[in-house]
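Here's the structure, in structure tokens; my notes come after.
Predicted, not measured: the structure shown is a model, and the values here were computed from it.
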Amino acid sequence: MTDVRRALVLGGSGYVGREVVRALAAAGARVAFTYQRGAAVAEALAAETGARSFRTNLAEPAAIRALFDALDAENAAPDLLVHAAVVSDAGALADVTDALWDEMHAVNVRSVYVAMQSFAARLAGRPGDVVLTAALDGIAKIPSAVHFAATEGARLGMTQALAKELGPKDVRVNLVLLGALGGGISESLDPARLADYKRYSALQRVGTPVEAARAITRLALHNRWMTGSVLPITGGL
């Protein structure tokens with residue numbers, strides 16, 4: 001693929017997403033990214049990288065579809081999609097309300113399939129690359145909040161199904177599995193659990209957002225054969 005890549009990073013103003021935006025822009029891709037809160041962060045990131053920011057509520061399907069419509073109208077429909085947006089919570093089973101369950105699944109699960117529908121429909125025969133991200137919860141056998149774990153397990157299932165469906169169209173879909181990092185959703189981890197992550201990690205430390213982004217962007221830009229797979233960036237857990 002010799003043309004300039006057009007990338008869309010959902011959750012691009014987040015802890016990992018910011019570094020993905022930086023890495024893709026540095027590699028020469030034309031990058032658009034979403035944010036919901038943190039307008040100042042998004043504005044600064046756009047100024048730094050030349051990427052375009054779009055305030056988008058990923059819990060609203062109409063907002064996601066409107067974003068793709070806007071990019072398409074400008075002849076800027078992406079051929080590379082990274083989903084790095086996530087809502088997390090560590091509540092116990094008894095504390096999970098219907099509203100919390102619905103909110104988490106709207107962002108962590110439904111936004112994936114809504115974005116994928118819009119993304120795939122606009123490729124128009126072009127090859128494409130998709131990288132989803134997930135935490136270990138619901139995929140590895142670790143203590144997890146059930147509502148959050150359910151969303152991460154769903155991302156794994158969607159990765160495998162989408163890869164099979166879209167592979168004949170030369171679209172690769174992979175999942176980057178992230179271990180504990182030095183910020184982002186890892187900040188809400190119980191200190192004892194975080195200590196266990198470090199203890200049982202082969203590297204005995206948490207990761208950095210730059211390390212996570214490096215793996216995501218390499219998979220997005222340079223992979224041509226791997227699809228439907230999980231790339232564990234976990235420090236050896």
Do the side chain of [X] and the main chain of [Y] share a donor and acceptor less than 3.5 angstrom apart?
X: T34; Y: R55; value: no
X: E152; Y: A135; value: yes
X: S144; Y: I142; value: yes
X: S229; Y: T227; value: yes
X: H222; Y: R218; value: no
X: R155; Y: T133; value: yes
X: S88; Y: I185; value: no
X: T217; Y: R214; value: yes
X: R172; Y: W225; value: no
X: T234; Y: P232; value: no

(message) Tell me which one of R122, R5, R6 satisfies side-chain hydrogen bond (donor to acceptor under 3.5 Å, both in side chains) with D79.
(response) R5
Which value, rounded to the nearest 0.5 Å, describes the distance between [X] atom [atom1] and [Y] atom [atom2]?
X: L24; Y: R30; atom1: CG; atom2: CZ; result: 14.0 Å
X: R205; Y: K198; atom1: CZ; atom2: NZ; result: 11.0 Å
X: L162; Y: N174; atom1: CG; atom2: CG; result: 11.0 Å
X: L67; Y: D72; atom1: CG; atom2: CG; result: 11.0 Å
X: L132; Y: N108; atom1: CG; atom2: CG; result: 11.5 Å
X: M116; Y: I64; atom1: CE; atom2: CD1; result: 12.5 Å

Is there a path of hydrophobic side-chain contacts, each under 4.5 Å between heavy atoms, that joins [X] and [Y]?
X: L156; Y: I233; result: no
X: V173; Y: L231; result: no
X: L178; Y: V230; result: no
X: L100; Y: V107; result: no
X: V130; Y: L10; result: yes

(message) I'd like to know whether F148 forms a side-chain contact (heavy atoms from CB on, under 4.5 Å) with V86, so could you lay out the CA-CA distance, the side-chain angles of the two residues, the decisive distance to 0.1 Å, and finally the verdict.
(response) CA-CA 10 Å; F148 181 58; V86 66; 3.6 Å; yes
Is there side-chain contact between [X] and [Y], with heavy atoms separated by less than 4.5 Å?
X: D129; Y: R224; value: yes
X: L194; Y: V206; value: yes
X: D89; Y: D95; value: no
X: L175; Y: I139; value: yes
X: E74; Y: R52; value: yes
X: P61; Y: R110; value: yes
X: L177; Y: L136; value: yes

Under 6.0 Å from the [atom1] atom of [X], do we count more than 12 heavy atoms belonging to anything else shown?
X: E165; atom1: CD; result: no
X: D98; atom1: CG; result: no
X: E48; atom1: CD; result: yes

What closest approach, in Å, do [X] and [Y] show between heavy atoms, and which atom pair accounts for it?
X: P78; Y: F119; value: O-CE1, 3.4 Å
X: Y15; Y: G182; value: OH-C, 3.2 Å
X: L58; Y: S111; value: O-CB, 3.4 Å
X: V41; Y: S13; value: CG1-O, 3.9 Å
X: A150; Y: W101; value: CB-CH2, 3.9 Å
X: S118; Y: R65; value: OG-CG, 3.9 Å

(request) Carefully, step by step, assess L219 and M226 under the rule side-chain contact (heavy atoms from CB on, under 4.5 Å). (result) CA-CA 9 Å; L219 189 57; M226 178 178 171; 3.9 Å; yes
(request) Evaluate salt bridge (Lys or Arg N to Asp or Glu O under 4.0 Å) for R22 paired with E19, printing each intermediate quantity in order. (result) CA-CA 5 Å; R22 289 184 175 113; E19 298 302 334; 2.8 Å; yes
(request) Would you please classify the geometry between the F33 ring and the Y35 ring as parallel, tilted or perpendicular, with 30° and 60° separating the classes? (result) tilted
(request) Check T49, V21, L80, L45 against V31 for a side chain to side chain contact (heavy atoms under 4.5 Å, CB included) and give me the one that passes. (result) V21
